[in-house]
Amino acid sequence: MSVSSSMPGSTTARVLLPAALTAALLLTGCAADGDAPAAEPTASASEQASARHNDADVMFAQMMIPHHEQAVEMARLAEGRAGDGVAELAGAIEAAQGPEIEQLESMLEAWGEEPESGSMDHGMPGMMSDEDMADLESATGDAFDQRFLELMIAHHEGAIEMAETEIDGGENPEAVALAEQVVEDQRAEIAQMTAMLGGSPSAGTGSDGGHGGH
């Protein structure tokens with residue numbers, strides 16, 4: 001009787017055990033999935049390269065922002081003053097340099113650096129003096145066109161000088177690439193403006209040169 005009475009219980013245990021083990025394994029798996037720590041995000045190679053910079057990169061960005069801002073200011077003076085050819089060129093300069101200003105500002109922010117305060121504005125190559133800007137603002141028609149082209153050529157030459165310094169000494173890939181773009185674009189525009197002046201970019205620039213750094 002003891003043997004026969006124990007058989008049903010033994011059979012039930014053998015049936016329930018695999019089911020219990022399966023449920024336990026499923027629960028363990030769910031818990032493991034839920035409790036597993038998320039993988040720490042790692043900076044990509046491009047992000048690491050973007051963050052890498054040196055003093056030359058910072059100086060390039062800090063100086064090029066006000067330099068570009070003055071070029072945009074000069075370009076805006078063409079509205080209502082310039083002939084069609086110069087007005088079109090001025091619009092292209094503003095369209096190109098506005099986004100570059102934003103890019104330079106973003107780079108400085110990413111590096112934890114502040115924009116230039118403005119104390120160095122007139123010590124940068126190619127920057128116009130207050131007198132230059134007033135002279136340009138007071139001109140119209142052909143006189144404006146000639147003065148604009150003369151001053152913008154000098155301004156572009158200053159930008160190229162700063163960009164070449166960045167190419168030689170900069171470390172940040174984005175900053176160096178932007179400097180290379182500045183050199184390419186502004187050399188092309190200098191050639192265009194020189195042709196518009198009849199091949200004489202320096203005529204009438206004034207006895208003092210009329211611009212910082214030149």
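- Within the model, atoms CE of Met124 and CD of Glu161 stand 12.0 Å from one another, a figure rounded to the nearest 0.5 Å.
- You'll find the side chain of Glu166 stays beyond 4.5 Å of the side chain of Val182, heavy atoms only.
- When Glu164, Glu157, Glu180 are each tested for a salt bridge (charged side-chain N to carboxylate O under 4.0 Å, His left out) with Arg187, only one passes: Glu164.
- The closest side-chain heavy-atom distance from Ile160 to Ile190 is below 4.5 Å.
- A donor-acceptor pair under 3.5 Å is formed between the side chain of Gln62 and the backbone N or O of Glu114.
- Counting heavy atoms from C-beta outward, His155 and His67 have side chains that approach closer than 4.5 Å.
- Few gaps surround CD on Gln181; more than 12 heavy atoms of other groups in view lie less than 6.0 Å from it.
- With rounding to the nearest 0.5 angstrom, the NE2 atom of His68 is 4.0 Å from the CD atom of Glu100.
- In this structure, Ala75 and Ala90 approach most closely via the heavy-atom pair CB-O, 3.3 Å.
- Residues Ala87 and Ala78 share a closest heavy-atom pair of CA-CB, 4.4 Å.
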Take Glu189 and Met152 through the side-chain contact (heavy atoms from CB on, under 4.5 Å) test and state the conclusion after the steps.
CA-CA 9 Å; Glu189 288 174 349; Met152 191 61 81; over 6 Å; no
Using the side-chain contact (heavy atoms from CB on, under 4.5 Å) rule, take Met128 and Glu73 through it: C-alpha gap first, then chi angles, then the decisive distance, then the call.
CA-CA 11 Å; Met128 301 299 104; Glu73 182 182 356; over 6 Å; no
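- His53 places no side-chain N or O within 3.5 Å of a backbone atom of Leu108 that could act as its donor or acceptor partner.
- With a 4.5 Å cut-off on side-chain heavy atoms, Leu178 and Met107 count as touching.
- Closest approach of Ala51 to Trp111, counting heavy atoms only: O-CD1, 4.1 Å.
- Within the 4.5 Å cutoff, side-chain heavy atoms of Met133 are placed close to those of Leu77.
- Using modelled atom types, one side-chain atom of Asn54 and one backbone atom of Gly169 make a donor-acceptor pair closer than 3.5 Å.
- For the atom pair CD (Glu171) and CG (Asp55), the distance works out to 10.0 Å, reported to the nearest 0.5 Å.
- Taking a 6.0 Å sphere around CG of Asp168, one finds it holds more than 12 heavy atoms contributed by other residues, nucleotides or ligands.
- Atom CD1 in Ile65 sits 10.5 Å away from atom CD in Glu102 (nearest 0.5 Å).
- At least one side-chain heavy atom of Leu136 sits less than 4.5 Å from a side-chain heavy atom of Phe148.
- In terms of heavy atoms, Pro66 sits closest to Met127 at O-CE, 4.0 Å.
- For the pair Arg81/Glu137, a side-chain contact is recorded, criterion being any heavy-atom separation below 4.5 Å from C-beta on.
- Closest of all the heavy-atom pairs between Val183 and Ala163 is CG2-CB, 3.6 Å.
- Judged by distance alone, with hydrogens and angles left aside, the side-chain atoms of Asp57 form a donor-acceptor pair with the main-chain N or O of Asn172 at under 3.5 Å.
- Atom CG in Leu151 sits 7.0 Å away from atom CG in Asp135 (nearest 0.5 Å).
- In this structure, Met196 and Asp145 have side chains that are not in contact, with every pair of non-hydrogen atoms separated by 4.5 Å or more.
- Considering all non-hydrogen atoms of both residues, Pro173 and Arg52 come closest at CG-NH2, 3.7 Å.
- Hydrophobic clustering (side-chain heavy atoms under 4.5 Å, transitive across Ile, Leu, Val, Met, Phe, Trp, Tyr) keeps Ile101 apart from Val176.
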